[in-house]
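Letters go in sequence order (proteins before strands), and every chain restarts at 1.
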Amino acid sequence: MAKQPQNKSAISPTREEDFPQWYQQVVRAADMAENSEVRGCMVIKPWGYGIWERIQQQLDQMFKDTGHENAYFPLLIPLSYLEEEAKHAEGFATECAVVTHHRLEAAKDEDGKTRLVPSGELTEPLVIRPTSETIIGAAFSRWVESYRDLPLLINQWANVMRWEMRPRLFLRTAEFLWQEGHTAHETKEEALEETDKMLGVYAKFMREHLALPVVMGRKTENERFPGAEDTLCVEAMVQDRKAIQAGTSHFLGQNFAKASNIQFTGRDGNLEHVWTTSWGVSTRMIGTVIMAHGDDDGLILPPRIAPNHIVIVPIIPKEQHREPVMAAVHQLAAELREQRFHDDRLSVRIDDRDLNGGVKNWEWIKKGVPLRVEVGPRDLEKGSVAVTRRDQGPKSKAFLPTAEFIASATATLQDIQDQLYQRALDFREAHSVRLDTKDAFYDFFQKKGAQGGFAVAHWAGSNEDEDQLKKDLQVTIRCIPFDEAYAEEGTCFYTGKASQRRLIFAKSY
RNA sequence: CGGGGUGUAGCACAGCCUGGUAGUGCGCCUGGUUUGGGACCAGGAAGUCGUAGGUUCGAAUCCUAUCACCCCGACCA
């Protein structure tokens with residue numbers, strides 16, 4: 001990077017200048033991930049993976065607290081399994097990687113170089129899982145015999161592959177990491193309840209851990225998961241005012257139970273099909289966090305998922321200062337590490353690399369570490385430390401008595417967490433508009449200078465009307481929100497028909 | 001897969017029009033001075049110019065093909 005003129009942001013271009021480019025620069029500047037030699041597949045670097053580990057660990061606890069157990073199922077799915085549920089098959093057909101051979105034949109080409117040629121063709125091709133309903137269904141059919149075996153509450157942490165046309169780091173990669181919950185229930189009501197419950201877990205996690213003010217709702221038939229009876233979702237708004245689906249929870253009815261033949265003997269002795277659900281969130285959440293909270297200096301991490309809550313930068317002007325400063329720094333780190341922030345010990349990193357203080361500071365700014373602490377000889381004399389909050393900009397440095405800082409550190413982290421949430425909520429509110437006419441709606445998304453956002457409008461259109469809207473404006477119904485504030489009498493802006501509820505429309509990722 | 005753009009050192013780019021055997025900034029390495037807003041001086045390493053053909057005495061530069069990546073769209077978590 002070239003030397004940055006003072007008061008200029010660390011990331012170029014800025015969000016305002018070019019949002020997609022800004023996004024890529026933030027990912028790179030924070031050293032989170034990079035594209036690999038395989039198109040669409042990313043290398044997740046330690047800083048990015050550290051964020052994923054935090055997310056994983058916290059969500060995993062929430063799943064366990066709601067009675068779920070982890071298991072692992074195969075990466076490869078027999079092609080015929082995917083064909084069992086018609087809509088599911090159609091939905092995923094165009095984005096599957098297929099394994100057709102099981103060995104390579106070594107041969108020399110004319111230059112004497114060893115070439116490997118696929119051989120050993122499989123009698124039945126195998127598909128790299130785009131999602132695991134079918135293969136887990138096959139396992140469930142073996143596991144379930146009686147109502148006493150239900151409910152079956154399983155989660156899997158895995159990678160999946162969907163051959164996407166236009167990949168983007170974290171947001172849409174061909175291979176991505178996720179969790180997929182799969183459950184089977186005795187009754188429809190229980191399955192519906194599970195679908196709802198897990199959406200609630202996602203919403204809680206995203207609001208409290210990721211500081212994302214998500215909207216909970218239901219997808220329209222058009223946007224439903226292939227094979228589901230009902231798809232629930234949590235939707236977030238990011239700083240280019242687009243919507244992003246951050247998580248989904250599906251009620252699968254008996255569709256997959258019938259496809260995979262998951263049957264049990266009920267309390268009345270009759271053979272019945274189970275009712276299943278599935279629900280998932282992915283590494284896409286990291287992309288959502290970047291776009292929701294980042295600023296023109298780079299990433300801003302919600303403290304709860306930051307790999308390091310606090311970075312301490314020792315300031316050593318002269319060699320004679322090294323020992324006392326480092327001793328003070330280690331002492332400070334030790335005391336901080338005694339403390340807990342929610343369920344984790346405070347994660348404190350001492351950056352003692354032989355670099356300029358300014359260089360180190362800017363690196364941690366770009367990585368989004370919530371609190372930076374500088375400790376130098378002047379602090380030792382005064383018993384103070386210099387603390388800077390990432391959410392308040394590089395000039396917000398405050399000199400605090402060391403004891404006061406230690407005592408207030410976790411409260412400050414929580415304050416940052418809360419501020420990020422509030423900021424994102426204010427942003428969403430500022431760009432959510434109730435619209436009642438077709439002209440107003442079209443202007444909102446396509447008028448010159450219009451910036452878009454969430455259009456909150458009455459709707460009574462058909463699936464075809466929805467498609468037309470998408471064609472005209474690239475706008476879709478993000479969800480039918482649950483919140484009762486959206487329930488009211490009105491008329492559809494598109495068809496003029498009566499409507500009972502406003503829906504959320506937006507361009508989306 | 002459609003439209004647009006770009007491929008030259010780790011990153012960002014110049015050089016191409018008008019062919020003569022590769023350059024700038026940052027980064028990296030060494031030594032020293034430094035370190036609380038992105039340091040400074042000196043020295044150094046690093047690129048078969050995306051790939052393959054062609055034209056030419058000579059190609060980063062001209063021609064042809066091809067691949068990759070990025071942005072916008074369709075698809076999607």
Side-chain angles (χ1 to χ4, degrees), chain A residues 1-10 12 18-21 23-25 28-29 34-40 90-95 130-131 160-180 202 219 223 225-226 231 233-236 244-250 278-288 297 313-319 321-322 325 351-366 372-380 382 384-388 393-397 399 467 470-471 474 476 507-509:
Chain A
M1 278 291 125
K3 179 177 168 184
Q4 299 284 339
Q6 296 205 351
N7 294 321
K8 198 182 169 231
S9 63
S12 172
D18 184 344
F19 195 82
Q21 198 58 37
Y23 175 83
Q24 304 218 123
Q25 293 304 324
R28 195 152 60 99
E34 60 190 22
N35 281 308
S36 73
E37 31 289 285
V38 181
R39 183 188 146 75
E90 285 167 32
F92 285 104
T94 58
E95 46 185 322
T131 179
V160 287
M161 178 157 263
R162 299 179 188 178
W163 211 267
E164 297 292 348
M165 291 304 164
R166 194 153 71 77
R168 268 234 254 172
L169 290 173
F170 291 115
L171 294 174
R172 192 193 299 105
T173 46
E175 181 191 11
F176 57 94
L177 304 182
W178 77 344
Q179 61 67 218
E180 45 181 329
Y202 287 157
K219 287 293 185 190
E223 301 279 322
F225 176 77
T231 290
C233 63
V234 279
E235 293 280 330
I244 182 162
Q245 179 177 315
T248 48
S249 184
H250 314 292
S278 69
W279 27 274
V281 294
S282 71
T283 36
R284 175 182 250 203
M285 283 188 295
I286 297 175
T288 307
D297 286 327
V313 178
I315 305 296
I316 301 166
K318 296 217 156 57
E319 197 49 38
H321 298 127
R322 181 173 302 276
V325 167
D351 186 353
D352 58 358
R353 291 175 300 167
D354 180 24
L355 291 172
N356 269 308
V359 174
K360 291 196 260 195
N361 268 318
W362 280 100
E363 205 172 290
W364 296 114
I365 289 172
K366 289 184 278 192
R372 301 191 306 284
V373 181
E374 293 162 54
V375 178
R378 297 211 301 267
D379 296 303
L380 298 193
K382 291 187 294 190
S384 66
V385 291
V387 181
T388 316
K395 287 180 180 165
S396 67
K397 184 152 73 178
F399 289 88
D467 288 337
K470 192 170 179 178
K471 219 177 248 174
Q474 296 128 38
T476 50
K507 295 184 183 180
S508 79
Y509 277 93

> Under a 4.5 Å cut-off applied to non-hydrogen side-chain atoms, are A:Gln179 and A:Trp279 in contact?
Replying inline: yes

> Within the structure, does a side-chain N or O atom of A:Asn356 lie under 4.0 Å from either OP1 or OP2 of B:rA39?
Replying inline: yes

>> Within the structure provided, determine whether A:Trp178 and A:Arg284 are in side-chain contact (heavy-atom separation under 4.5 Å).
In response: no

>> Using a 4.0 Å heavy-atom cut-off, does A:Thr388 contact any base of the nucleic acid, only the sugar-phosphate backbone, or nothing at all?
In response: nothing

> Reckon A:Lys360 touches a base, only the sugar-phosphate, or nothing at all at heavy-atom distances under 4.0 Å?
Replying inline: nothing

>> Would the base of B:rG36 count as contacting A:Asp379 through its side chain, where contact means a donor and an acceptor less than 3.5 Å apart?
In response: yes

> Reckon A:Pro377 touches a base, only the sugar-phosphate, or nothing at all at heavy-atom distances under 4.0 Å?
Replying inline: base

> Quick one: is A:Gln245 getting a side-chain N or O under 4.0 Å of the B:rC76 phosphate, OP1 or OP2?
Replying inline: no

>> Under 4.0 Å, heavy atoms only, any strand: does A:Lys470 hit a base, just the sugar-phosphate, or nothing?
In response: sugar-phosphate

> How far does the P atom of B:rA9 sit from the matching atom of B:rA65, given to the nearest Å?
Replying inline: 25 Å

> Do the charged groups of A:Lys360 and A:Glu363 touch, with an N to O distance under 4.0 Å?
Replying inline: no

> Hey, does A:Gly376 reach any base, or is it just sugar-phosphate, or nothing, if we go heavy atoms under 4.0 Å?
Replying inline: base

